[in-house]
K.L.:
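Before I ask anything, here is the structure I am working with.
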Amino acid sequence: MDKLIAEERWHDIALERLSDAERGRLASHLERILPRIRRGDGFEVYTSAVRPHETQSDDEEAAATLLERLYHWGAFDTKSPQAIYAPAAELAKSFLDDQFGIEFTDWDTTFIYPTPSGGWVTVRPDIAEALLAKRYRLFHNPENWCRQDPERLFHAEKAWRKLYPWRNVERIGIWWRGDAFGEFTAADHALHILNLVRFGGGAKALRDVADDPERFAVEFGLVVETAFRIGIHYDALQKKPAEHLAVQKLNEKVRARLNGNRGGQGSKRQERIETLNRLALRRAHDFAFISDAQAVRLARSIAAEHDKSAPEPLFWQGGKPLSLNWFQNWASDFRAALSNAEKTRR
């Protein structure tokens, strides 16, 4: 089969001679190479491979026809994650790695902790498990509750965690459910995809209930709904690099404007703007649909939240918080960058 795929001899591939795993790999390959079309009703949108009647050449039509036959075949690889979801899952993993330095393996073995600067660090599972075991032994062992005041234990744990950032390590799902990545952010879309792939059902479930029409209808509905929801997050995630690029350009403008002439204070100002750019990007969706005054309030709130856990307040100057005018200027530049990103991706 590999030779036929390499030579794109789609008419010569006999699906009945392939194993489930081979059909799964073939479907995943065709999903990757075929052009994609945006579909939906304008409110709920997703992208999918072209259908035979939408192709532009005979070779494309042959590939799209083969993929459509595979969809109707209903038997994909039952050992690996659902092949039909693979492209979206790979994009989600690569995005987490490229943009956040998070090396996602699976939900049980991906451990991370936040850095004071707002980034993330991935921790080896064995080290993370040891840190979690130590934290449990010190602060969550029921035997300690009998000997010590629970409130004192709570404050002792808080102080212990604050001393070193890696002591805050948790499974990635804990951080996600706690809204550490924000809503409608790139990381949020990526993790939604990976979560849907994990629980969304697949061909094995359909084959297991093939003789029961009612259960088959339920499982089939789950697979279709999962594919649709993955498509929404996949489409959104593909747009996010434009927003990151816009903020990157904004940061470059800041550096060029300051260019070291203001000494230490210029360096501090640059750090403030770039830090707020990064933190605000996690809530880009919120900034896009609010008034200027609300954007300023949101920016001040994000800055204050950052300073709560920072070793020293970043958004203060001369012993008091930065002025309203500072946040107004920042919000104007940031929202302009997001607007340019929106025009770029259309």
Side-chain angles (χ1 to χ4, degrees), residues 42-45 99-100 114-120 175-192 232-233 235-237 239-259 262 265-346:
F43 180 71
E44 298 284 6
V45 295
Q99 300 294 338
F100 302 96
T115 65
S117 62
W120 295 92
W175 291 111
W176 184 44
R177 289 194 296 274
D179 205 26
F181 297 99
E183 193 175 12
F184 303 116
T185 62
D188 186 46
H189 287 301
L191 292 168
H192 267 294
I232 293 171
H233 292 291
D235 186 62
L237 186 56
K239 297 175 181 177
K240 288 298 177 181
E243 292 176 359
H244 279 274
L245 180 61
V247 175
Q248 182 180 341
K249 294 295 184 185
L250 185 58
N251 288 340
E252 290 173 1
K253 281 175 60 180
V254 171
R255 296 189 195 103
R257 192 184 304 159
L258 299 173
N259 70 21
R262 303 187 186 189
Q265 186 56 38
S267 170
K268 192 74 168 180
R269 185 182 178 192
Q270 176 180 325
E271 182 185 358
R272 287 183 188 122
I273 295 174
E274 294 191 2
T275 299
L276 191 53
N277 285 347
R278 186 185 64 253
L279 296 175
L281 187 57
R282 298 177 185 174
R283 302 185 61 177
H285 181 84
D286 294 333
F287 277 98
F289 300 105
I290 56 179
S291 67
D292 292 342
Q294 289 172 321
V296 171
R297 284 198 295 272
L298 179 56
R300 298 181 85 170
S301 172
I302 291 172
E305 190 64 29
H306 170 273
D307 282 351
K308 281 183 183 177
S309 57
E312 62 178 87
L314 178 62
F315 298 97
W316 283 57
Q317 188 173 358
K320 57 184 180 180
L322 293 175
S323 67
L324 176 64
N325 185 58
W326 188 94
F327 282 101
Q328 287 173 334
N329 290 335
W330 174 86
S332 176
D333 285 346
F334 182 77
R335 297 183 81 190
L338 288 184
S339 177
N340 289 336
E342 182 68 25
K343 293 173 184 175
T344 299
R345 72 191 188 191
R346 281 176 179 168

K.L.:
Could you tell me the separation between the OG1 atom of Thr275 and the CG atom of Asp307, rounded to the nearest 0.5 Å?
P.N.:
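Atom-to-atom, Thr275:OG1 and Asp307:CG are 9.5 Å apart.
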
K.L.:
Rounded to the nearest 0.5 Å, how far does CD of Gln317 lie from CH2 of Trp326?
P.N.:
10.0 Å

K.L.:
Are Asp188 and Trp176 side-chain neighbours, meaning at least one heavy-atom pair lies under 4.5 Å?
P.N.:
yes

K.L.:
Do Trp330 and Asn277 touch side chain to side chain, with heavy atoms closer than 4.5 Å?
P.N.:
yes

K.L.:
State which residue, out of Phe181, Phe100, Trp120, fulfils the ring pair (Phe, Tyr, Trp, His ring centres under 6.0 Å) condition with Trp175.
P.N.:
Trp120

K.L.:
Does any non-hydrogen side-chain atom of Asp292 lie less than 4.5 Å from one of Arg335?
P.N.:
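Heavy-atom side-chain distance check passes, below 4.5 Å.
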
K.L.:
Taking atom CG of Asp333 and atom CG of Leu276, what is their separation to the nearest 0.5 Å?
P.N.:
11.0 Å

K.L.:
Determine yes or no for a side-chain-to-main-chain donor-acceptor pair under 3.5 angstrom, with Arg300 supplying the side chain and Ser323 the backbone.
P.N.:
no

K.L.:
Distance from Ile290 atom CD1 to Leu298 atom CG, nearest 0.5 Å?
P.N.:
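Reported to 0.5 Å precision, the distance equals 5.0 Å.
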
K.L.:
Ignoring hydrogens, what is the shortest heavy-atom contact between Pro313 and Trp316? Give both atom names and the distance.
P.N.:
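Looking at all heavy atoms of both residues, the closest pair is CB-CD1, 3.5 Å.
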
K.L.:
Could you label the plane-to-plane angle of the Phe315 and His306 rings as parallel, tilted or perpendicular, counting under 30° as parallel and over 60° as perpendicular?
P.N.:
perpendicular

